[in-house]
Amino acid sequence: MSSRRPAPRASPGLRGLCSKLLFSVLRTQALASLQGRPIDQRAAHRRPTASRMVSPAIALAFIPFIITLIIRYRHYFLLFYRTVIVRKLQDYLTGIPREERAFQYVMTHAIPGDPQHVLDTFDQWCYHCEYLSNVGPQKGKILDRLVYEKAPLNVLELGTYCGYATVLIAQALPLGARLYTVEMDLNNAVVADKVIRLAGFDEDTVELIVGASEEVIPQLKEKHGVQKLDFVFMDHWKRFYLRDLQLLEEHDLLQEGTVILADNVIFPGAPHFLQYVKSCGKYQCKIHRTSLEYFRYIRDGMAELIYTKLL
Ligand SMILES: C[S@@+](CC[C@H](N)C(=O)[O-])C[C@H]1O[C@@H](n2cnc3c(N)ncnc32)[C@H](O)[C@@H]1O
C-alpha cells in the first residue's frame with residue numbers, strides 16, 4: 001500500500017489521532033526494549049515503519065499544545081527571560097554584576113539624601129532596564145503603611161539584597177528607631193550599604209549585618225543588643241521563612257503585637273510557612289493579595305502576621 005496518502009486535513013480530531021499514533025509508537029518501542037529486542041536501525045531505514053511515517057503528525061500535534069503553553073504562561077516566560085537571559089547576557093557584555101549595574105544607575109540618577117527619589121530611580125531601572133527582586137512600589141505601599149501605622153522601634157529585615165526595602169522601611173520609621181537588616185551575600189551587602197548611605201541613613205538608624213539568618217538570629221540579643229522586635233520583614237529565600245520564624249520564637253525575640261510581614265507567600269510561595277502560621281494558634285494572619293514586583297500579571301501576596309500568645 002502506498003504511503004503517499006493525502007495529508008489529513010486539520011480538524012479537531014487531528015490531535016486525538018496524533019496522540020493515539022504517538023502512544024502506539026511509544027508502546028511498540030517500549031515493548032521491544034522490554035523483550036530485549038533491539039530496534040534494527042538499518043531495517044528501519046529500508047522499510048517505512050510507523051514511527052517514521054507519523055513523525056510529522058506528532059510534531060503537528062505538539063504545535064497547538066506548545067502555543068497554548070506559551071500563551072498561558074507568557075508572563076512567566078517573560079519573567080524568566082528578564083531574570084535569567086537578559087541578566088546573563090548583560091553580565092557577559094559588561095563584566096559587572098547586575099546589582100552593581102543597578103547601583104551605578106541609581107547613583108548617577110538619584111538625588112542623594114532623598115530616600116523616595118532613590119526608590120523611584122530603582123523602580124525606573126527595574127521597569128525599563130533590568131529586573132531586580134526588590135519588594136517594588138506596589139507591595140512597598142503595604143510595607144510602608146504598616147511600618148508607619150505600627151511605628152516600631154526595633155525592626156528586623158531578613159534579606160537586604162540591594163537595600164530597596166531597607167530604605168523604604170527606614171524612611172517610615174519614627175525617630176530613634178533602629179532597623180537591623182541581614183544579608184548573607186557579601187556582594188549584595190556591599191551594594192546595599194552604598195544604597196542605604198546614598199539615601200542618607202547612618203549606622204545608628206540602619207545596621208547592616210552580613211551573615212546567614214540562621215546564624216544571625218540567635219546572636220541578635222547578645223551581639224546586637226536587641227531585646228524584642230516590634231516588626232519583622234521576611235524577604236529572604238522562601239524555604240527559610242518557617243525555620244526563621246521558629247528561631248525568632250525560640251530566642252524569645254517576639255512579643256505580644258509584633259508584626260511580621262512575609263513577602264512572596266503566593267509566588268514563588270511559602271506553603272509550609274503559611275500552614276504553620278494558620279494552624280499554630282500564635283498568630284493572627286491576613287494575606288494581602290497583590291502582584292509580583294514589576295510584573296503586574298503574576299499574582300503574589302504578602303502575609304501579615306500579628307504575634308499573640310493569647311490566641
Ligand atoms: C528577594 S531578595 C530581598 C529583597 C529586599 N528585601 C528588597 O525588597 O529590596 C532576597 C535576598 O535574601 C538574601 N538571603 C537569602 N537567604 C538568606 C538568609 N538565610 N540569610 C540572609 N540573607 C538571605 C539573598 O542573598 C537575597 O539578597
Side-chain angles (χ1 to χ4, degrees), residues 79 82-84 87 97-100 102-103 106 110 115-116 118-127 130-144 146-147 155-172 179-196 198-199 201 206-220 224 231-248 251 260-270 273 288 290-295 298 300-303:
L79 177 67
R82 293 194 66 198
T83 51
V84 179
R87 176 193 189 155
R98 175 176 61 169
E99 292 72 24
E100 187 61 40
F103 173 71
V106 172
Q116 191 52 51
V118 168
L119 296 177
D120 293 344
T121 313
F122 254 119
D123 293 336
Q124 266 170 31
W125 168 267
C126 294
Y127 279 122
E130 286 180 66
Y131 175 85
L132 294 178
S133 54
N134 303 326
V135 71
Q138 197 184 1
K139 288 187 284 185
K141 280 201 184 91
I142 299 169
L143 176 60
D144 181 62
L146 282 176
V147 174
V155 181
L156 174 69
E157 178 187 21
L158 298 176
T160 318
Y161 194 40
C162 298
Y164 180 102
T166 316
V167 169
L168 196 144
I169 296 169
Q171 73 166 348
L179 165 60
Y180 303 86
T181 180
V182 183
E183 174 56 53
M184 69 175 180
D185 183 310
L186 182 61
N187 295 326
N188 292 349
V190 169
V191 171
D193 190 56
K194 293 188 277 192
V195 169
I196 294 162
L198 179 74
F201 298 106
V206 178
E207 182 175 338
L208 174 59
I209 305 169
V210 183
S213 52
E214 67 268 35
E215 287 159 16
V216 175
I217 292 171
Q219 299 175 339
L220 278 177
H224 302 278
F231 195 100
V232 180
F233 179 49
M234 286 190 157
D235 193 14
H236 53 329
W237 300 152
K238 314 313 152 195
R239 64 181 183 275
F240 299 142
Y241 279 15
L242 177 56
R243 181 202 66 190
D244 289 350
L245 183 71
Q246 289 174 334
L247 269 181
L248 291 170
H251 288 85
I260 296 133
L261 187 67
D263 193 15
N264 305 117
V265 293
I266 293 176
F267 184 83
F273 170 81
H288 297 270
T290 163
S291 55
L292 185 70
E293 51 271 15
Y294 310 114
F295 274 88
I298 296 182
D300 192 12
M302 293 174 120

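The shown structure was predicted, so the numbers you read here are calculated from the model rather than taken from an experiment. Note that ligands are numbered from 1 as they come in the structure, with each ligand's atoms numbered from 1 the same way.
Residue contacts with ligand 1 include Thr160, since one or more of its heavy atoms lies under 4.0 Å from the ligand. Using a 4.0 angstrom heavy-atom cutoff, Asn188 counts as in contact with ligand 1. Ligand 1 lies within reach of Glu157, whose nearest heavy atom is under 4.0 Å from it. Contact annotation: Gly140 has no heavy atom less than 4.0 Å from any atom of ligand 1. Proximity of Cys162 to ligand 1 is not established, as no heavy-atom distance is less than 4.0 Å.
Distances between N or O atoms of Ala165 and those of ligand 1 include at least one value under 3.5 Å. For ligand 1, the polar-atom distance check finds no N/O of Gly163 at less than 3.5 Å from any of the ligand's N/O atoms. Considering backbone and side-chain N/O of Gly159, one or more are found under 3.5 Å from N/O of ligand 1. Considering both main-chain and side-chain atoms, Phe240 never comes within under 3.5 Å of ligand 1 through any nitrogen or oxygen pair.
Defined by atom type and a distance below 3.5 Å, a donor-acceptor pair is missing between the side-chain atoms of Gln124 and Asp120. Looking only at atom types and distance, the side chain of Asp244 has a donor-acceptor partner in the side chain of Ser213 under 3.5 Å away. In this model, a donor atom of one side chain and an acceptor atom of the other lie less than 3.5 Å apart for His224 and Glu207. Gln138 and Tyr294 share no donor-acceptor pair across their side chains, judged by distance under 3.5 Å alone.
Of the protein's non-hydrogen atoms, the one nearest atom 22 (N) of ligand 1 is Met184 N, 3.2 Å. Atom 20 (N) of ligand 1 has Ser213 N, 2.9 Å as its closest protein atom, hydrogens excluded (heavy atom only). Nearest protein heavy-atom contact of atom 1 (C) of ligand 1 is Ser133 O, 3.4 Å. Nearest protein heavy-atom neighbour of atom 14 (N) of ligand 1: His236 CB, 3.6 Å. Protein heavy atom closest to atom 8 (O) of ligand 1, with residue, atom name and distance, is Val135 N, 2.7 Å. Taking atom 26 (C) of ligand 1 as the reference point, the nearest protein heavy-atom neighbour is Glu183 OE1, 3.6 Å. Nearest protein neighbour of atom 10 (C) of ligand 1, counting heavy atoms only, is Asp235 O, 3.2 Å.
Between the side chain of Asp185 and the main chain of Asn187, a donor-acceptor pair closer than 3.5 Å is present. In this structure, Thr121 contributes its side chain and Val106 its backbone to no donor-acceptor pair below 3.5 Å. Proximity of a side-chain donor or acceptor of Glu157 to a complementary backbone N or O of Thr181 within less than 3.5 Å is not detected.
Salt bridge absent: Glu130 and Arg87 never bring a charged side-chain N and a carboxylate O closer than 4.0 Å. Of the charged side-chain nitrogens involved, none lies within less than 4.0 Å of a carboxylate oxygen, so that Lys194 and Glu99 do not count as a salt-bridged pair.
For an aromatic pair to be called close, the ring centres must be under 6.0 Å apart, and His236 with Tyr161 fails this. For Phe267 and Phe295, the distance between ring centers is not under 6.0 angstrom.
Every atom of ligand 1 with a heavy atom of Ala212 under 4.0 Å away is listed here by number and element: 20 (N). Residue-ligand proximity, Gly211 to ligand 1, at heavy-atom distances under 4.0 Å covers atoms 20 (N), 21 (C). Heavy-atom contacts of Tyr161 reach the following atoms of ligand 1: 2 (S), 3 (C), 4 (C), 5 (C), 27 (O) (cutoff under 4.0 Å). Within the listing of ligand 1, atoms 19 (N) sit less than 4.0 angstrom from a heavy atom of Glu214.
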Could you go through the side-chain contact (heavy atoms from CB on, under 4.5 Å) check for Cys162 and Phe122 one step at a time?
-> CA-CA 10 Å; Cys162 298; Phe122 254 119; 3.9 Å; yes
